[in-house]
Amino acid sequence: MFHAILYAAITILALFGLISLIYYIAVRLMHLHSKDAYLVVLPADANSRDVAGQLYTEKLRMSFFGDGETGHVIALDCGMDEIQLQNCKSLCLESTGLYVCKPEQLGELCVSLSQTNEDT
């Protein structure tokens with residue numbers, strides 16, 4: 001009985017590892033690497049939950065795809081509550097490529113980021 005349970009657990013873990021490997025290879029093959037910078041804008045209002053978590057998740061997703069240096073994530077403050085705003089600002093200070101701005105500042109930030117990427 002113990003051997004059957006052990007065999008089943010090892011089989012499940014091996015299958016999970018194989019599926020993860022296939023997924024990783026497929027993502028790498030399908031993703032076109034670009035040296036051009038791009039932005040992901042996450043609009044956040046007072047009803048948004050865990051904006052800092054979403055911001056960080058998007059940055060991790062970019063890093064997973066190999067675009068950690070060229071991709072930027074912006075949390076667009078469309079009336080976030082004060083706690084969410086403070087969480088986002090502290091995360092932006094700790095990490096690179098993460099920004100928080102108001103809708104009126106978005107154009108200026110995009111121009112600034114594009115000029116920074118042209119210099120590198």
Rounded to the nearest 0.5 angstrom, the CD-SG distance for E108 and C101 is 9.5 Å
Rounded to the nearest 0.5 Å, the CG atom of D81 sits from the CG atom of D45 at a distance of 9.5 Å
So CG of L42 and CG of L98: to nearest 0.5 Å the spacing works out to 9.5 Å
For this session: Say whether Q86 and E82, considering side chains only, have a donor N or O and an acceptor N or O under 3.5 Å apart.
Result: yes
| query | Taking E58 for the side chain and V73 for the main chain, is one N or O donor matched with an acceptor at less than 3.5 Å? | reply | no
By ring-ring contact (aromatic ring centres under 6.0 Å, His included), Y56 pairs with (sequence neighbours left out) none
Closest non-hydrogen contact found for L91 with A52 is CD2-O, 3.2 Å
Excluding L18, membership of its hydrophobic cluster (Ile, Leu, Val, Met, Phe, Trp, Tyr; side-chain heavy atoms within less than 4.5 Å) reads I22
Say whether L76 and V51 are linked into one hydrophobic cluster, either directly or through other cluster members, by side-chain heavy-atom distances under 4.5 angstrom.
-> no
query: So, do V40 and M62 sit near enough that their side-chain heavy atoms are less than 4.5 Å apart?
result: yes
Smallest heavy-atom separation, T57 atom then G53 atom, equals OG1-O, 2.7 Å
Contacts satisfying side chain to side chain donor-acceptor pair (under 3.5 Å) that involve residues 3-24 (not counting sequence neighbours) are Y24-R28
Cluster membership besides V111, Ile/Leu/Val/Met/Phe/Trp/Tyr side chains within less than 4.5 angstrom, sorted by chain and number, is none
dist L55:CG -> C88:SG (nearest 0.5 Å) comes out at 5.5 Å
Salt bridge (Lys or Arg N to Asp or Glu O under 4.0 Å) pairs touching residues 86-105, sequence neighbours excluded, are D77-K102
| More than 12 non-hydrogen atoms from neighbouring residues, nucleotides or ligands closer than 6.0 Å to CD1 on I83, yes or no? | no
| Intermediate values then yes/no, side chain to side chain contact (heavy atoms under 4.5 Å, CB included), V100 and M80 | CA-CA 11 Å; V100 177; M80 271 193 280; 4.2 Å; yes
>> For the backbone of N87 and the side chain of S90, can you confirm whether one donor and one acceptor N or O come within less than 3.5 Å of each other?
In response: yes
With sequence neighbours left out, the residues meeting side-chain hydrogen bond (donor to acceptor under 3.5 Å, both in side chains) with Q105 are none
